[in-house]
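Below is one structure; the comments refer to it alone.
Reminder, nothing fancy here: chain letters follow the sequence lines and each chain counts from 1.
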Amino acid sequence: MDKKTAAAVLDEIGTLLEIMGENPFKTRAYGNAARTLLSMPGDLDDIIRDTGLKGVKGIGEGIRERILELHSNGRSAYYEELKAGIPAGLMDMLRIPGMGPKKAKTVYDALGIADIGELEYACHENRLVELPGFGLKTQEKILEGIAFIKKHSGQSLYPAAMSEAEKLIGPILGSGTVIRASIAGSLRRRKETVKDIDVLVSSDDPAAVMELFTTLPDVETVTSRGDTKSSVILKSGIAADLRVVTDVQYPYALHHFTGSKLHNTAMRGRAKDMGLKMNEYGLFRGGEEAPVPCADEAEIFKALGLSFIPPELREDMGEIAAAEKGGLPLLVEETDIRGVLHVHSLYSDGIDEVAELAGAARKMGYGYLGLTDHSPSAAYAGGLKPDDLLRQQAEVDAVNAMYTDIRIFKGAEVDILGDGSLDYAEDVLKGFDFTICSIHSRFNMTEDEATARLVRAVENPYCTILGHPTGRLLLSREGYPVNMKRVIEAAAANGVAIELNAHPLRLDIDWREIMYARRLGVKIAINPDAHNIEGLKVVGYGVGIARKGWLSKDDVLNAMTADELAGWFRSRRK
DNA sequence: GCCGTTTTCGGCCCGACTGTTTTCAGTCG
């Protein structure tokens, strides 16, 4: 082992000890020793041969032994023992500005949070503010810190990329140098995460557009700049490409740059079978110079004998065959959503009052709100004991009496316990209009265990909706492994709906799984999982994913009216 | 854990800054 590696191990031992709350002078001693070692001339072999590391100021008997062990064995039993006792994600957290060993230890001890993804989610749920030494500012600072370290991580969540894209396209459209402009790529297809932002414009003055694009205030660096294509990195860390074409080429280019690659390949194959050649500049009939004229994408599809395929569906998952037969669903729109069903109030880990939430939902045009505070096992989230529930439900009655145009359904987000049973007794469960049942603990399961746990929950007669079925947090935490096909089949057999959690970090159930649920007639509930009024606004992200899953209005539980839904809830209970 | 030494255990770098406190704890450099 070389000097540098050995020093790094010593440093890490110091950090691990610090997290464990060891004497700060002891932890510092490891850091000092690491620095001392690094500053010594020669490589580790030489140092040990020449001095045996004896009489070096800053390296005493204890640390000397550790270095000798590292040198001879290439490893340290002490280091490995320490490491085994502390989750790797906790070490990761120290990369967050403002997050040191003490704070990391606190969130781990108090909330069991062991990686950055969980930490970020916990901040969004206001779970940090109550911890000793923490407050609202600290929580915000940690969120900013997480955003900072995520900056150059390669992938971005849809909302972040979309808001950046809008900042680009606004000035471009407003400049007067472009004829048409659109966001393209995976962002236009509404993928849950995207690698970069693609912008397509048509213009008679490409040079002017390039100049404008590469000098926008949000641009950090220009990675390439040509006549028709430029690439930049934005200050937010997201990469963005701009492509300029003529206005005649625009529809073909828009289709081409929207992708997906697989969809394009399939489309080109189809064109070829019809004696046509298709690329980003046009659709060409055998050897002709001028393309088959198409004013927009719809005309391209029409020229190929297809109905219009919405961008969300262009994933080569059967959309071309369906479009040929006119069999594409009329996709659900955000305006089809009549109410919101997964909302936390001040009673558990939300921060707004029931009446405030109801008022906000009403203003947003929703006809109902399903109140779903946590059950007791979610102690970190202030899960409600039966007594608390009585008070909460009495308040719901009072709020319901206040309004004629919005209805509060009494629900709960009931924890699915380790064995698949639910976290309330039957007499309590009876009192709800509906339940969302979800897993919040014991994530370490095999696929068989997780699947059995979910299936058992779904088979419970008091389970109305299965919540965020994989528990994933996008770009940060894998969900538990689930055989989703079997879970969907269980939901179908038991008349249980499945949640599409619309929080942009979750978007869970995955859109790739939704089609099967639709085929089996399982209703999908597009739920905000809101912990405050602001959180009600994420439903649109869920609608985007529902569209990618081919859902139409009729497949979506909360596209029902309040009366229809009340009837549906009642019918589940029979 | 290291150092220095009145050789057996007490002291070890600290100030700016922030945020949470009500006199201090934690982070950063």
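- Evaluation of the side-chain contact (heavy atoms from CB on, under 4.5 Å) rule for A/Ser72 yields no partner, not counting sequence neighbours.
- Distance, A/Glu22 CD to B/dC2 P: 13 Å, rounded to whole Å.
- A/Tyr424 and A/Tyr462 have their aromatic ring centers separated by at least 6.0 angstrom.
- The ring-ring contact (aromatic ring centres under 6.0 Å, His included) analysis of residues 53-106 of chain A, with sequence neighbours excluded, yields no pairs.
- A distance below 6.0 Å separates the ring centres of A/His440 and A/His468.
- Remark: the separation of the P atoms in B/dT6 and B/dC12 is 16 Å, to the nearest Å.
- A heavy-atom distance below 4.0 Å to DNA chain B is reached by these residues of residues 55-63 of chain A, ordered by number: A/Val56, A/Lys57, A/Gly58, A/Ile59, A/Gly60, A/Glu61, A/Gly62, A/Ile63.
- Sorted by first and then second residue, the ring-ring contact (aromatic ring centres under 6.0 Å, His included) pairs involving residues 349-370 of chain A (not counting sequence neighbours) are A/Tyr368-A/Phe409.
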Assess whether side chain to side chain contact (heavy atoms under 4.5 Å, CB included) is satisfied between A/Leu168 and A/Leu234, documenting all intermediate values.
CA-CA 10 Å; A/Leu168 297 179; A/Leu234 302 177; 3.9 Å; yes
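- Pair assignment for B/dC14: B/dG29, on the basis of Watson-Crick or G-U wobble contacts that are both within less than 3.5 Å.
- If you take atom C1' in B/dT20 and the same atom in B/dT27, they sit 14 Å apart, rounded to whole Å.
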For each nucleotide in nucleotides 22-29 of chain B, reading 5' to 3', give B when a protein heavy atom comes within less than 4.0 Å of its base, S when such contact involves only the sugar-phosphate, and - otherwise.
----SSS-
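- Looking at residues two or more places apart in sequence or on another chain, you find no salt bridge (Lys or Arg N to Asp or Glu O under 4.0 Å) involving A/Arg35.
- Base orientation at B/dT7 is syn, since its O4'-C1' glycosidic dihedral falls within 90° of 0.
- Among residue pairs with one or both ends in residues 359-378 of chain A, those qualifying as salt bridge (charged side-chain N to carboxylate O under 4.0 Å, His left out) are A/Arg362-A/Asp405; sequence neighbours excluded.
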Going 5' to 3' along nucleotides 6-17 of chain B, which nucleotides have protein heavy atoms under 4.0 Å from the base (write B), which only from the sugar-phosphate (write S), and which from neither (write -)?
------BB----
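- For A/Arg190, the side-chain hydrogen bond (donor to acceptor under 3.5 Å, both in side chains) criterion is met by no residue, not counting sequence neighbours.
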Review item, side-chain donor-acceptor pairs of residues 95-107 of chain A, under 3.5 Å, at least two apart:
unit_1	atom_1	unit_2	atom_2	d
A/Arg95	NE	A/Asp92	OD1	3.2
A/Lys105	NZ	A/Asp109	OD2	2.9
A/Thr106	OG1	A/Lys102	O	2.8

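- Within residues 134-143 of chain A, the residues having any heavy atom under 4.0 Å from DNA chain B are, by residue number, A/Phe134, A/Gly135, A/Leu136, A/Lys137, A/Thr138.
- In this structure, CG of A/Leu17 is placed 14 Å from C1' of B/dC2, rounded to the nearest angstrom.
- To the nearest whole angstrom, the two C1' atoms, one in B/dT8 and one in B/dC3, are 12 Å apart.
- With a glycosidic angle further than 90° from 0, B/dT18 counts as anti.
- Contacts classified as ring-ring contact (aromatic ring centres under 6.0 Å, His included) and involving residues 81-131 of chain A (residues at least two apart or in different chains) are given here: A/Tyr121-A/His503, A/His124-A/His503.
- Put simply, the side chain of A/Leu429 reaches to within 4.5 Å of the side chain of A/Leu422, judged on heavy atoms.
- Of the C1' atoms belonging to B/dC13 and B/dT7, the separation is 26 Å, rounded to the nearest Å.
- Separation of the P atoms belonging to B/dT23 and B/dT18 is 22 Å when rounded to the nearest angstrom.
- By the 4.5 Å heavy-atom criterion applied to side chains, A/Pro376 and A/Asp423 are counted as neighbours.
- A 4.5 Å side-chain heavy-atom check between A/Ile439 and A/Asp415 finds every atom pair outside the cut-off.
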